[in-house]
**Student:** 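This is the structure I want to talk about, given as structure tokens.
Residue numbers start from 1 in every chain, and the chains themselves are labelled A, B, ... in the order their sequence lines are given, proteins ahead of strands.
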Protein chains: 2
Amino acid sequence: MKEIDQNTELKILYAAQEEFLLKGMSGARMQGIADRAGINKALLHYYYRSKEKLFMAVFKLVISLFIPRLEKIINSEDVFFDKIRQFAKNYGHLLMKNPFLPLFILHEINRNPDSLVKEFFSRGINPEAFFAMVQREIDAGKIKAIDPCQLILNMLSLMIFPIAGRPLLQRVIYKNNKKEYDEMLKKRLEDVPEFIINSIKI
Amino acid sequence: MKEIDQNTELKILYAAQEEFLLKGMSGARMQGIADRAGINKALLHYYYRSKEKLFMAVFKLVISLFIPRLEKIINSEDVFFDKIRQFAKNYGHLLMKNPFLPLFILHEINRNPDSLVKEFFSRGINPEAFFAMVQREIDAGKIKAIDPCQLILNMLSLMIFPIAGRPLLQRVIYKNNKKEYDEMLKKRLEDVPEFIINSIKI
DNA sequence: GTCTATAAATTGATAGAC
DNA sequence: GTCTATCAATTTATAGAC
């Protein structure tokens, strides 16, 4: 907490994040984490009592980044379409900076849905306000009638899947051209919101 | 191959598929597979020499289901928009019947991209023909100019993500209402292609 | 082909010196 | 706080009887 790179506890946390994001809970190795942190295995247990506890610490850290800050968007002063554009831009950049995050979260929740969701998603996510906002736009005749759930699902799908599936998609569709894939992702930051808007505008 | 349910080799393969899909390569246990198959651990090694070999057999089986049969769509007699509708319907049903498949594939490829993609995706996928078809539609002035890669990415994203993310999305967005989520997925079989078409039609 | 018993290797966790 | 050495449990893999 105090020093920048001297703090062993934090060094461990970030090393664990690397290892867990790449290999998942069951594939990660305490030895691998210790190696990344440049310390000994025993120290891991000194700071975090068990692998499970360390995993939970990483998961919590990671969730706090990943959860879409819908509230921010909702409460902004922008008009609706600009809110969508803003969300795509912010959330897209976050995803591009943390490409392994979505797949990690989905995989771990798949393994243990109830307890992980209950523990980490019970607060902090409230789609109701977003739904209400969409409904107001519809009632005002500004966009087509659409199920708000579907709208949010479409946005998330279009933004997350190309990141989560990159190791496969880049190789199969883009002939493993990394640069081209990066450019495509960057382009989508603006294309996806227009794609969405195009489909709901009147 | 011969008998229906007597064939031990197949029984093992399907038991392994269950276990691997749920827990991934590193989370799966040979004991768990043996239990599902109702046989002994040793038999697994008799038919498949190692866990790795068994995993590869499952992965191959699973890939053969998962790869979109783009050729079928391309070579159909339908007009372009109907091809999209047809693809969404067929592929969507396949996904709904095998909901754990996408996340499993993505996670395993993430763990070991080069060798898995090279081994299992080298043949059988050829997006070029699809790209050419899209280009013809654009040249003929029937749809807006769009990058064919983006189009295919959008289709896959909209169809796969709600399935892959279900354990999280159903709980967070749908208050864990299973029936409602099922209905939403079913509705998307028709909504997604219209959403796509809406955004590219002139 | 199928089983029981066991080997061999991996790995999470702890004890104890410094 | 950090290390070395080691334990204990899990898990893949094999040997050998039937």
Side-chain angles (χ1 to χ4, degrees), chain A residues 1-62 104 107-108 110-112 115-116 119, chain B residues 1-62 104 107-108 111-112 115-116:
Chain A
M1 289 290 199
K2 292 170 192 172
E3 294 87 339
I4 302 178
D5 204 42
Q6 291 289 34
N7 188 327
T8 307
E9 190 171 347
L10 270 185
K11 224 160 51 180
I12 291 175
L13 190 63
Y14 291 133
Q17 180 178 346
E18 278 183 35
E19 177 89 357
F20 280 127
L21 284 201
L22 275 175
K23 310 188 178 176
M25 165 64 175
S26 55
R29 297 288 167 253
M30 293 297 266
Q31 185 62 57
I33 296 172
D35 291 346
R36 285 177 200 273
I39 55 155
N40 193 277
K41 254 199 312 180
L43 261 189
L44 302 182
H45 290 91
Y46 175 80
Y47 282 100
Y48 303 84
R49 282 179 42 83
S50 66
K51 185 184 179 183
E52 180 72 20
K53 292 246 176 42
L54 181 50
F55 170 79
M56 287 300 189
V58 167
F59 198 80
K60 186 175 179 181
L61 173 68
V62 138
F104 167 72
H107 180 256
E108 297 305 332
N110 208 37
R111 210 175 42 93
N112 190 5
S115 73
L116 282 182
E119 176 137 8
Chain B
M1 288 290 201
K2 293 170 191 172
E3 294 85 340
I4 303 177
D5 206 43
Q6 290 288 35
N7 188 329
T8 308
E9 189 171 347
L10 270 185
K11 225 162 50 184
I12 291 175
L13 191 62
Y14 291 131
Q17 180 177 346
E18 279 183 36
E19 177 89 358
F20 280 128
L21 283 202
L22 275 175
K23 309 188 179 176
M25 164 63 177
S26 56
R29 296 288 167 252
M30 295 296 266
Q31 184 62 57
I33 296 171
D35 291 346
R36 287 177 199 272
I39 56 155
N40 193 277
K41 255 196 313 177
L43 262 189
L44 302 182
H45 289 91
Y46 175 79
Y47 283 99
Y48 303 83
R49 283 180 42 83
S50 67
K51 184 184 179 184
E52 179 71 20
K53 291 247 175 43
L54 181 50
F55 169 79
M56 286 300 188
V58 167
F59 198 81
K60 185 176 179 179
L61 173 70
V62 139
F104 167 72
H107 180 255
E108 297 304 332
R111 209 176 44 92
N112 190 3
S115 73
L116 283 182

**Student:** Does the side chain of A:Leu54 reach to within under 4.5 Å of the side chain of A:Tyr47, using non-hydrogen atoms?
**Tutor:**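 No, too far: nothing below the 4.5 Å cut-off.
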
**Student:** Taking atom C1' of C:dT10 as reference, at what distance in whole Å does atom CE of B:Met25 sit?
**Tutor:**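 B:Met25 atom CE is separated from C:dT10 atom C1' by 13 Å.
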
**Student:** Within a strict 4.5 Å, meaning less than it, do heavy atoms of the A:Lys60 and A:Glu119 side chains meet?
**Tutor:**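 Result no, sub-4.5 Å side-chain heavy-atom pair not found.
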
**Student:** NA contact type, B:Ala34, heavy-atom cut-off 4.0 Å: base, sugar-phosphate, or nothing?
**Tutor:**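 The residue B:Ala34 makes no contact with any strand.
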
**Student:** Check the distance between C:dA13's C1' and A:Gln31's CD and give it to me in whole angstrom.
**Tutor:**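 For the pair A:Gln31 CD and C:dA13 C1', the rounded distance is 13 Å.
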
**Student:** Side-chain contact, heavy-atom cut-off 4.5 Å: A:Lys51 with A:Met25?
**Tutor:**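 Yes; the side chains approach each other to less than 4.5 Å.
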
**Student:** I'd like a table of atom pairs between the protein and nucleotides 1-3 of chain D - only N or O on both sides, under 3.5 Å - with the distance next to each one.
**Tutor:**
| from | atom 1 | to | atom 2 | distance (Å) |
| --- | --- | --- | --- | --- |
| D:dT2 | OP1 | A:Thr8 | OG1 | 3.1 |
| D:dT2 | OP2 | A:Thr8 | OG1 | 3.2 |
| D:dT2 | OP2 | A:Tyr47 | OH | 2.7 |
| D:dC3 | OP2 | A:Asn40 | N | 3.3 |

**Student:** A:His45 side chain N/O closer than 4.0 Å to the phosphate oxygens (OP1, OP2) of C:dT14?
**Tutor:**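 For C:dT14, neither OP1 nor OP2 has a side-chain N or O of A:His45 closer than 4.0 Å.
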
**Student:** Expressed in angstrom and rounded to an integer, what is the separation of A:Lys41 atom NZ from D:dC7 atom P?
**Tutor:**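 Rounded to the whole Å, the gap is 13 Å.
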
**Student:** Tell me, do A:Glu108 and A:Phe55 make a side-chain contact under 4.5 Å, heavy atoms counted?
**Tutor:**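 A side-chain contact exists here, since the closest heavy-atom pair is under 4.5 Å.
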
**Student:** Just the rounded figure in Å: distance from P of C:dA9 to NZ of B:Lys51.
**Tutor:**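 In whole Å, C:dA9 P lies 18 Å from B:Lys51 NZ.
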
**Student:** Taking all non-hydrogen atoms of both residues into account, name the closest pair between A:Arg36 and A:Ala15 and its distance.
**Tutor:**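 A:Arg36 and A:Ala15 have their closest heavy atoms at CD-O, 3.6 Å.
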
**Student:** How long is the line joining CG of B:Leu44 and P of D:dT11, in whole Å?
**Tutor:**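 Interatomic distance, CG of B:Leu44 to P of D:dT11: 14 Å.
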
**Student:** What's the CE-P distance between A:Met56 and C:dG12, to the nearest Å?
**Tutor:**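 Nearest whole value for this atom pair: 16 Å.
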
**Student:** Does B:Lys23 reach the side chain of B:Arg29, with side-chain heavy atoms less than 4.5 Å apart?
**Tutor:**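 Heavy-atom side-chain distance check fails, nothing below 4.5 Å.
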
**Student:** Using OP1 and OP2 only, check whether a side-chain N or O of A:Arg29 sits under 4.0 Å from C:dG12.
**Tutor:**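 Result: yes.
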
**Student:** Taking the side chain as everything from C-beta on, heavy atoms only, tell me whether A:Leu43 gets closer than 4.5 Å to A:Glu9.
**Tutor:**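 Answer no - side chains too far apart.
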
**Student:** Expressed in angstrom and rounded to an integer, what is the separation of B:Tyr48 atom OH from D:dA13 atom P?
**Tutor:**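 Between P of D:dA13 and OH of B:Tyr48: 15 Å.
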
**Student:** Nearest whole angstrom, please: distance from the C1' of D:dT10 to the CD1 of B:Ile33.
**Tutor:**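 The distance from CD1 of B:Ile33 to C1' of D:dT10 comes to 16 Å, rounded to the nearest Å.
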
